[in-house]
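Bear in mind that the values here come from a model prediction, so they are computed numbers and not experimental data.
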Amino acid sequence: MASRVLLQCVRSLGRPSLRLSAANLAVRATAAPAAARRPLSFAADSRRPRWLGQSSIPSVGVLCRQYGDLPPLTLETIKDRVMYVLKLYDKINPEKLQTSSHFMKDLGLDSLDQVEIIMAMEDEFGFEIPDAEAEKLMSPGEIVQYIADKKDVYE
Amino acid sequence: MARHSKLQKQVLSLYRQFLRAGQDKPGFIPRIRDEFKENSRIKKSDVMHIEYLYRRGQRQLEQLKDVNTKQLGSFSKPAEKS
């Protein structure tokens, strides 16, 4: 079955009607073997226009794999995102919010609100925080430190 | 309070499970928050009451997680014009 897909890929490469030029294609040199390594993506109809556009690159020199990922985290970006999420929370006064302000002592929240805040952080950063460690995080600075530890962010 | 007691931890984890379960179904989150806020006023020493409410909450969580539960609404009485 893989050989049949390979044949289809090679045949469609030869068809001149598929020569669609795009400016950004020059950066990604997609070779025929590299294209054939994704037989499943060729089969999916939604990917077809994109694949057809890339098939016009003639040079086979550079084999290129493409991955998708989020931009890398830094302490600054983590802090900005944490503060942004906290400012959106309706029980916190945005003017009084500092990096070192304690949720219970300075901002007057209780443990239920703290659970909600930690859940909002989980949704923002996309990973689970277990209960045992979540109940210890009592200020934005601690949250930033915890996330940096979990995500291996150094400075 | 520095450390939560075991019962407090159970209540907080129940709250978390409720919020997660109620995120996709409209109308549950305000009710969950009000209910927990109201019951947070109970004295810590009233363990029987707290445990009763905890068991009741677990049963309600099962009902919430059921696929057939879609949304929550409520009726409120308009203010009396007398």
Side-chain angles (χ1 to χ4, degrees), chain A residues 78 81-94 96-147 149-151, chain B residues 1-65 69 71-72 74 76:
Chain A
I78 297 177
R81 283 164 77 179
V82 166
M83 298 307 268
Y84 185 65
V85 169
L86 286 175
K87 288 195 173 112
L88 288 175
Y89 189 53
D90 55 354
K91 288 195 188 146
I92 293 183
N93 188 358
K96 279 210 240 163
L97 183 64
Q98 306 276 323
T99 312
S100 56
S101 49
H102 196 270
F103 289 140
M104 300 208 181
K105 292 185 211 151
D106 298 332
L107 299 170
L109 305 171
D110 68 353
S111 51
L112 293 175
D113 300 324
Q114 199 254 353
V115 169
E116 285 181 32
I117 288 172
I118 298 298
M119 274 185 59
M121 295 300 154
E122 285 183 358
D123 289 335
E124 168 73 21
F125 289 97
F127 70 101
E128 285 272 326
I129 303 179
D131 287 346
E133 299 174 15
E135 66 181 12
K136 294 186 199 133
L137 301 171
M138 280 297 165
S139 79
E142 286 181 29
I143 295 178
V144 171
Q145 267 305 309
Y146 179 79
I147 295 174
D149 288 339
K150 282 290 160 186
K151 293 279 182 178
Chain B
M1 70 207 133
R3 282 170 76 273
H4 297 297
S5 74
K6 197 146 174 233
L7 191 56
Q8 278 172 322
K9 287 188 201 173
Q10 283 177 321
V11 169
L12 290 175
S13 84
L14 184 70
Y15 186 50
R16 184 188 270 240
Q17 288 174 44
F18 256 113
L19 288 178
R20 285 256 177 256
Q23 253 172 1
D24 294 323
K25 311 193 183 188
F28 282 104
I29 301 283
R31 175 99 173 88
I32 293 169
R33 290 173 76 170
D34 291 340
E35 184 86 21
F36 272 85
K37 196 69 50 176
E38 188 64 36
N39 293 332
S40 70
R41 299 210 188 108
I42 308 174
K43 295 263 174 259
K44 225 165 115 172
S45 43
D46 197 357
V47 182
M48 300 289 285
H49 192 188
I50 296 174
E51 282 181 3
Y52 158 71
L53 288 168
Y54 179 70
R55 283 189 294 265
R56 187 165 152 251
Q58 276 178 320
R59 246 174 279 136
Q60 285 169 336
L61 181 62
E62 292 306 311
Q63 282 181 332
L64 219 188
K65 282 201 220 167
T69 319
Q71 55 184 354
L72 180 73
S74 64
S76 56

*With chain B, which of A:Asp131, A:Asp123, A:Leu112, A:Val115 has the greatest number of heavy-atom pairs at distances under 4.5 Å?*
A:Leu112
*Kindly indicate whether the side chain of B:His4, heavy atoms from C-beta on, has any atom under 4.5 Å from the side chain of A:Ser111.*
yes
*Counting a contact as any heavy-atom pair under 4.5 Å apart, which residues of residues 15-30 of chain B contact chain A?*
B:Tyr15, B:Arg16, B:Leu19, B:Arg20, B:Gln23
*Taking non-hydrogen atoms and a cut-off under 4.5 angstrom, which of residues 55-65 of chain B neighbour chain A?*
none
*Can you list every pair that meets side chain to side chain donor-acceptor pair (under 3.5 Å) and has a residue in residues 81-91 of chain A, with sequence neighbours left out?*
A:Arg81-A:Glu124, A:Tyr89-A:Asp113, A:Tyr89-A:Glu116, A:Lys91-A:Asp113
*Please collect all salt bridge (Lys or Arg N to Asp or Glu O under 4.0 Å) contacts where either partner lies in residues 100-112 of chain A, sequence neighbours excluded, each pair once.*
A:Asp110-B:Lys37
*Check whether more than 12 heavy atoms from other residues, nucleotides or ligands sit under 6.0 Å from atom OH of B:Tyr54, and answer yes or no.*
yes
